[in-house]
Amino acid sequence: MRDLLWRQWSRLGAGLQELDGAPSPEGNIIDPEALLLATTVFGRQDQRLFDEALDWVVRFGALINVQRLKNLHADGELGHERTLGAVAAYVKRHGKLPKWGALAKTDSVQSPSEPEPFFESPGMPAAHRGVPDSDFLAHGWLRGMPRQKELSMPPSPERVTNVLLTFRALIGVSSRCEIILCLLTRPSARPAELARLTGYSAQAIQAVLNEMVLSGKVRTDGTRPSMARKRNGRGVSLRYYLQPQDWHFILPAESSPRWLPWAALFALVQGADDALNTVADELLLSMQLRRLMEKHSPQLTEGIAYRLGYHPEMTGEALLQCMATDLPRLLRAL
């Protein structure tokens, strides 16, 4: 998991050298909100990864959708609340970005009676040295003040992986960016499907689509509710689609972008990691992992669930093997 986060932050422009080894697909669009939330959990095991990611967010946090960050954290069980609050407070202060204040509040976060060391290494006792950073301390964490090396670069518009941030830089930070990209990576979609893919409510997506159709660039299949369905209070939702050639100025014809369910995948990894580290009994562990898969597998679209080899009838032993072998293999390939 750490290597995947490292690769994605490096491609966004954080001051991290790309890892050696087989290159991961360039067409997988990075989800910056899901990436940041996953880093609040797994970044605590690698200070360089966490601090370079933090430096990037300080510089380019204006491109992050804070409302979507809140949605994904609240709905998908992804990320660590106190760490997210500390990051938001730090970014608000050092990046001079007031919008991050909505996530920086401490009154709704339960902090420990004594601050805890922030960074942790497997098999090593947690430790802290130096003057603590005030933003992290306010959220119950002990860590030194991050060194701002200012190595971060803006996300390259030449990389397909960064196309979501390229759209945001061009037209603004809003759900329109995710809607456009989701529609460009599939033949068509209904509002409910777009809501699952993007982390917004179906009602919010529908309201935005109603406006986007007026542009003439977002099209529908023309289906309308039948009179019988209207009388029963049920309607047939429209399918929406785009013409890819209208967007070649930002996504060349030869590019093959893929919108992957990063938030659901990262939430699954976070839950599995927590279970593997806290549940000793093999039977209880397999039961907890099964509940995780039942919760997240419907969102693991784009062949992710298939590549995991998961199916609801698999035995507990097979499920443990899936989590121990197939999940790490999948993460290395993405």
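Predicted model only: the values in this text are computed from it and were never measured. The analysis underlying the following values was restricted to heavy atoms, covering all of them including side chains, and did not include hydrogens, waters or symmetry mates.
- Between Asp133 and Arg93, no side-chain nitrogen of the basic residue sits less than 4.0 Å from a carboxylate oxygen of the acidic one, so the salt-bridge criterion is not met.
- Between the side chain of Ser255 and the backbone N or O of Pro257, no donor-acceptor pair lies under 3.5 Å.
- Side chains of Leu49 and Leu5 form a contact here, defined as non-hydrogen atoms less than 4.5 Å apart.
- Looking at Asn71, its side chain does come within 3.5 Å of a backbone N or O of Gly199 through a donor-acceptor pair.
- A salt bridge links Asp31 with Arg68; the closest basic N to acidic carboxylate O contact falls under 4.0 Å.
- Judged purely by atom type and a 3.5 angstrom limit, His296 has no side-chain atom pairing as donor or acceptor with the backbone of Gly271.
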Practice task
Under the side chain to side chain donor-acceptor pair (under 3.5 Å) rule, what do Gln270 and Asp274 come out as? Steps first, then yes or no, please.
Solution key: CA-CA 6 Å; Gln270 179 178 335; Asp274 182 64; over 6 Å; no
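- Annotation: side chain of Leu260 is not in contact with side chain of Leu265 (no heavy-atom distance under 4.5 Å).
- Under the 4.5 Å side-chain criterion, counting only non-hydrogen atoms from C-beta, Thr83 is not in contact with Thr39.
- Separating the NE2 atom in His248 from the CD atom in Glu254 is a distance of 8.5 Å, to the nearest 0.5 Å.
- To the nearest 0.5 Å, atom CD1 of residue Ile205 and atom CZ of residue Arg176 are 10.5 Å apart.
- No more than 12 heavy atoms of other residues, nucleotides or ligands shown are found within 6.0 angstrom of CD on Glu317.
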Exercise for the section: Could you please spell out the steps behind the side chain to side chain donor-acceptor pair (under 3.5 Å) verdict for Tyr240 and Gln206? Expected result: CA-CA 10 Å; Tyr240 295 81; Gln206 182 67 74; 2.9 Å; yes
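- With values rounded to the nearest 0.5 angstrom, Met293 atom CE is found 5.5 Å from Leu268 atom CG.
- At most 12 heavy atoms of other shown residues, nucleotides or ligands fall within 6.0 angstrom of atom NZ in Lys70.
- The salt bridge (Lys or Arg N to Asp or Glu O under 4.0 Å) check on Arg2 picks up Asp46, with sequence neighbours excluded.
- Here the side chain of Asp273 pairs no donor or acceptor atom with the backbone of Val269 at under 3.5 angstrom.
- Aromatic pair Phe118/Phe50: centroids less than 6.0 angstrom apart.
- Taken from CG in Leu183 to CD in Gln243, the straight-line distance is 11.5 Å, to the nearest 0.5 Å.
- Panel note: side chain Thr40, backbone His80; a donor-acceptor pair is recorded below 3.5 Å.
- If you run side chain to side chain donor-acceptor pair (under 3.5 Å) between Glu302 and each of Arg258, Arg186, Arg307, only Arg186 comes through.
- Within the 3.5 Å criterion, the main-chain N or O of Ala202 finds no donor-acceptor partner in the side chain of Arg196.
- Here the OG-CZ distance, from Ser174 to Phe167, works out to 11.0 Å after rounding to the nearest 0.5 Å.
- Counting only distance, with no hydrogens or angles, the side chain of Arg219 and the backbone of Leu242 share no donor-acceptor pair below 3.5 Å.
- Considering Lys149, Arg147, Arg143 as possible partners of Asp51, the one that fulfils the side chain to side chain donor-acceptor pair (under 3.5 Å) test is Arg143.
- With sequence neighbours excluded, the residues forming a salt bridge (Lys or Arg N to Asp or Glu O under 4.0 Å) with Arg159 are Glu18, Glu26, listed by chain and number.
- Counting heavy atoms from C-beta on, the side chains of Val58 and Leu97 never come closer than 4.5 Å.
- Judged by distance alone, the side chain of Gln299 and the main-chain N or O of Leu197 form no donor-acceptor pair under 3.5 Å.
- Glu150 and Arg59 are not joined by a salt bridge, as no carboxylate oxygen comes within less than 4.0 angstrom of a charged side-chain nitrogen.
- With salt bridges taken as basic N to acidic carboxylate O contacts below 4.0 Å, none links Glu116 and Arg44.
- At a threshold of 4.5 Å between non-hydrogen side-chain atoms, the residues Trp6 and Arg11 do not count as touching.
- For the pair Thr198/Cys182, a side-chain contact is recorded, criterion being any heavy-atom separation below 4.5 Å from C-beta on.
- Between the side chains of Thr301 and Trp259, no donor-acceptor pair is found at a separation under 3.5 Å.
- Cys177 SG to Arg168 CZ: the interatomic distance, rounded to the nearest 0.5 Å, is 6.5 Å.
- When side chains are defined from C-beta on, Trp9 counts as touching Val57, because their heavy atoms get closer than 4.5 Å.
- You'll find the side chain of Tyr241 stays beyond 4.5 Å of the side chain of Pro187, heavy atoms only.
- At distances below 3.5 Å, not a single donor-acceptor pair connects side-chain atoms of Trp141 with backbone N or O atoms of Ala86.
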Practice task
Please step through side chain to side chain donor-acceptor pair (under 3.5 Å) for the pair Glu81 and His73, ending with a clear verdict.
Solution key: CA-CA 8 Å; Glu81 187 171 17; His73 176 59; 4.9 Å; no
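- For Ser156 and Asn162, the side-chain atoms include no donor-acceptor pair closer than 3.5 Å.
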